[in-house]
Amino acid sequence: MLLVNTIRDQFDQVLTGLEKRNFPDAHAILTQVLALDDRRKASQTQRDQLQAESNSISKEIGQLMREGKKEQAEHLKGKTVELKQQVKELEDQNSSAEEELKALLYTIPNIPHSTVRAGKSAEDNEVVLEHGTIPDLAGNKAPHWELIKTYDIIDFDLGVKIAGAGFPVYKGKGARLQRALINFFLDEAMAAGFVEVQPPIVVNEDSGYGTGQLPDKEGQMYHATADNLFLIPTAEVPITNIYRDVIVSEEDLPIKNVGYTPCFRREAGSWGAHVRGLNRLHQFDKVEIVQITHPDHSYQALEEMSSYVQSLLQKLELPYRVLRLCGGDMGFTSALTYDMEVYSAAQERWLEVSSVSNFETYQSNRLKLRFKDGDKKTQLAHTLNGSALALPRIVAAILENNQTEGGILMPKVLQPYLGFEKI
RNA sequence: AGAGGAGUGGCAGAGUGGUCGAAUGCGGCGGUCUUGAAAACCGUUGUACCGCAAGGUACCGGGGGUUCGAAUCCCUCCUCCUCUGCCA
C-alpha cells in the first residue's frame, strides 16, 4: 500500500498517477486518507497525554503503598478510574481511525512509473520490441489442443475425471517436457545469480495480505477452510513473504531468489475460445524470480530481469514481443510492468508467458520489509518479481511452432534435459 | 492426535504484581592504549507511533481479560521441545 506521507507530500503527483490508471474518485479518496490520518494523530496525541498522566499517578500510588499511606493511595485510585475510561474511548477512536485508514489504503493501487502511459485496456499497451521470426507452418497448422491428443502427451479428460476442468494430466513425453522446462529454467536462473528456494505452496492469511492477494483477490485463490490456508496463485506470495517483517542489511541487497512451484488459480467465470487447451488452467507450473533491491537500483534490476526473461525465450527459439503495460492494464500493486508474449503459430496469437514488475515500496510497506542504510536509518526496500517462466503457454507455443509432418521438434537447449529430440 | 514443558532485546539468559524497555554475558559499533592487531579498559548498541522540540506512548510469541499498576496473574490461539501414538 501507499505511504500516507507520500500522499501528503506529493498529493498532485499521486493524483496524476491514479488518473493514469483510471482510478475513480481519486481526489476524494486521497482527501479522505489525509483526514483519517489527521484523526488518527489527534486521538493518539490525546490518548498518549492521558496515558502519561495515568502512568504517573500509578507510580505515585505504588510509592504511597510502600510508605504505608493507604488512604492517600485509595484517594488517587479514584482519579485514575476516570482517566482510564477516557483513555479507553480515545484508544477506540484511534484504532478505528487506523483501521479505516488501512482499509482505505488497501483499495488504492500503486502509482505508475513516469514512463507508463495512460490507457484503459490491453489495446493501449506499448510494444517495446519484437524478436524472432514467426514460423510459416503452411498447410499443417494444428493447434496444441489437437497436437496433445495426436501424440497423447497431455490429457484433459483424465484431469476432469480426477479433479475437474483445467487440471490436465501430463503423460510420457509431455510429463518429461514439463520436468525439462522446470530444470532448464532453474539452472538458468542459478547461473544468473538467483538463489533457489522451495517454499510452501499454501500460505496463511498474513502472507496473503503481505503481497496484496488479500483482501483484494480472495475469490481467485483456492481456500482450504479447515486450516484457513490458501493455495498459492504464484510463488511470488511465499517467496516474497520470506522477507515479511525483516530488516536486512544494505550489503545483502540485492536479494535474488528463484523458485519453482505449482500455481493454483480459480479464475472464476472466464471460459471460451481464448482459453482453450493450455491457454488458461486452474493448476500450472511456473518458475518465478524475485528480487529485493535498494530503491536506487530497482529500475536497473527490472531491466536486467526483463533481459533475463528474454534470454530464456531466445534460447527456446520462440518468437516474442515485449510490452510495456499501460496504466489501465497494469496489476494493482505494480509501478511498472513488462509483459513478454510468445507467438503461438497455429492459434495465430500472442500468448502472455511472463510479467515482470517493479512494485517499488508498495509491497514492502505492507510487508514491513526494510533495510538499514548508511546513516543507520531504516527504509523500505523495493520488491520486484517476474515469471521465468510459466510453463503451459510455453509448451503450447513449442508444440505449435515446431510441428512438422515427422513430429514436433524440441528446442536444442532442452534436449539434454529431455533425452529425446522430437515428440 | 494424547500427556507434560517452554516461548524475554542480534544471540545466550535473569527477572512471578510497582523502583523493568527490562540485569548479566556474548556479539556489533565508537574510543583509549598499540607501529598494526589482539587483550584490557571506557562508552554505545531494538522497533513503531505522536510531538517543531523537550519529551511522551506502545511493544517481553499473537489476541483478549483482571488490576490504580502486568514480562510477571487469568482466558484463548499460535509456535517449539520431551514422551506416547500414527506415518512418507
Side-chain angles (χ1 to χ4, degrees), chain A residues 1-9 33-105 198-210 214 223-230 238 241-253 255 262 361 363-381:
Chain A
M1 59 185 165
L2 295 178
L3 290 146
V4 176
N5 282 342
T6 309
I7 297 175
R8 197 177 288 282
D9 300 341
V33 165
L34 296 184
L36 279 170
D37 192 48
D38 288 341
R39 225 174 81 194
R40 179 188 67 85
K41 286 180 177 179
S43 56
Q44 189 185 329
T45 308
Q46 269 190 71
R47 184 207 59 190
D48 284 0
Q49 231 166 45
L50 294 181
Q51 187 62 257
E53 210 176 307
S54 172
N55 285 349
S56 85
I57 292 174
S58 287
K59 270 186 189 157
E60 230 176 291
I61 292 172
Q63 184 64 29
L64 290 169
M65 297 290 262
R66 254 171 284 124
E67 290 168 6
K69 297 175 178 168
K70 266 211 155 163
E71 257 173 57
Q72 290 183 47
E74 286 303 321
H75 174 71
L76 282 179
K77 279 190 194 178
K79 264 174 124 177
T80 56
V81 173
E82 200 182 316
L83 276 176
K84 207 182 155 187
Q85 186 54 36
Q86 290 176 27
V87 167
K88 179 97 175 79
E89 271 167 39
L90 287 163
E91 182 77 56
D92 290 346
Q93 279 179 35
N94 186 249
S95 50
S96 80
E98 217 163 78
E99 268 166 46
E100 275 178 61
L101 178 62
K102 212 165 144 191
L104 193 59
L105 285 171
Q198 264 191 35
I201 60 172
V202 293
V203 293
N204 58 27
E205 264 183 277
D206 284 349
S207 297
Y209 277 98
L214 294 175
H223 189 192
T225 50
D227 298 292
N228 198 25
L229 293 170
F230 296 88
N241 271 284
I242 290 173
Y243 305 98
R244 170 155 50 87
D245 290 321
V246 169
I247 300 177
V248 299
S249 44
E250 195 171 4
E251 309 89 72
D252 293 337
L253 300 175
I255 292 169
T361 60
Q363 283 185 333
S364 58
N365 186 30
R366 276 201 202 185
L367 291 161
K368 298 202 172 59
L369 161 50
R370 293 161 293 173
F371 70 97
K372 273 207 198 300
D373 66 18
D375 301 330
K376 293 192 173 170
K377 292 226 171 194
T378 50
Q379 50 171 309
L380 294 169

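Chain A is the first sequence line, chain B the second, and so forth, proteins listed ahead of strands; every chain is numbered from 1.
Comparing the C1' positions of B:U45 and B:G25 gives a spacing of 15 Å, expressed to the nearest Å. Across the C1' atoms, B:A23 and B:C60 are found 14 Å apart, a figure rounded to whole Å. Nucleotides B:U44 and B:A53, compared at atom C1', are 24 Å apart to the nearest Å. Straight-line distance between the P atoms of B:A1 and B:U72: roughly 28 Å, to the nearest whole Å. Taking atom C1' on both nucleotides, B:C29 is separated from B:G10 by 13 Å, rounded to a whole Å. When the P atom is used for both B:C78 and B:G63, the distance is 15 Å, rounded to whole Å. Using C1' as the reference atom, B:G9 and B:A3 are 33 Å apart when rounded to the nearest Å. Comparing the P positions of B:C75 and B:A6 gives an interatomic distance of 14 Å, to the nearest angstrom.
With both pairing distances under 3.5 Å, B:U67 is matched to nothing as a Watson-Crick or G-U wobble pair. Pair assignment for B:G4 gives B:C81, based on Watson-Crick or G-U wobble hydrogen-bonding distances that are each under 3.5 Å. Checking B:C20 for Watson-Crick or G-U wobble geometry (two distances, each under 3.5 Å) identifies no partner in any strand. Judged by Watson-Crick or G-U wobble contacts below 3.5 Å, the nucleotide B:G9 has no partner. The partner of B:U32 is B:A40, by the rule that a Watson-Crick or G-U pair needs both atom distances under 3.5 Å. If you check B:A14 for Watson-Crick or wobble pairing at under 3.5 angstrom, you find it has no partner at all.
With salt bridges taken as basic N to acidic carboxylate O contacts below 4.0 Å, one links A:E74 and A:K77. A salt bridge does not link A:D38 with A:K41: every distance from a Lys NZ or Arg NE/NH1/NH2 to an Asp or Glu carboxylate oxygen is 4.0 Å or more.
Between the CG atom of A:L83 and the P atom of B:U57 there is a distance of 13 Å, given to the nearest Å. One can place CD of A:Q44 at 13 Å from P of B:C59, the figure rounded to the nearest angstrom. With rounding to whole Å, A:D227 atom CG is found 14 Å from B:A1 atom C1'. Atom-to-atom, CD of A:Q46 to P of B:C50 comes out at 15 Å; the value is rounded to the nearest Å. Across the protein-nucleic acid pair, A:E60 atom CD and B:U67 atom P stand 21 Å apart, rounded to whole Å. As rounded to whole Å, 14 Å separates atom C1' of B:C49 from atom NZ of A:K102. Atoms CD1 (A:I61) and C1' (B:C68) sit 4 Å apart, rounded to a whole Å. Distance, A:Q85 CD to B:C68 P: 13 Å, rounded to whole Å.
Between the A:S95 side chain and the A:E91 main chain, a donor and an acceptor come within less than 3.5 Å of each other. No donor-acceptor distance shorter than 3.5 angstrom exists from the side chain of A:N94 to the backbone of A:S43, with no hydrogens or angles considered.
The side chain of A:T378 places an N or O atom within less than 4.0 Å of a non-bridging phosphate oxygen (OP1 or OP2) of B:A48. In this structure, A:N55 reaches the B:U57 phosphate: one of its side-chain N or O atoms is under 4.0 Å from OP1 or OP2. Contact annotation: A:K372 side-chain N/O to B:U47 OP1/OP2 distance is under 4.0 Å. The phosphate of B:C49 has neither OP1 nor OP2 within less than 4.0 Å of any side-chain N or O from A:R40.
Among the heavy atoms of the strands, none lies under 4.0 Å from A:I57. Nucleic acid contact for A:Q51: sugar-phosphate only, since backbone atoms but no base atoms lie under 4.0 Å from a heavy atom of the residue. Among the atoms of the strands shown, none is found under 4.0 Å from any heavy atom of A:K59. Backbone-only engagement by A:T80 is indicated by non-hydrogen atom pairs under 4.0 Å involving sugar-phosphate atoms exclusively.
Between A:V33 and A:L101, the shortest heavy-atom contact is O-CD1, 3.6 Å. Closest heavy-atom contact between A:L50 and A:Q86: CD1-OE1, 3.4 Å. A:F371 approaches A:L380 most closely through the heavy-atom pair CE2-O, 3.6 Å.
For A:K41, counting side-chain heavy atoms from C-beta on, the closest listed nucleotide (B:G56, B:C50, B:C68) is B:C50.
Between A:D37 and A:A52, the residue whose closest nucleotide on RNA chain B is further toward the 5' end is A:D37. Nearest-nucleotide positions on RNA chain B for A:R370 and A:K77 put A:R370 closer to the 5' end.
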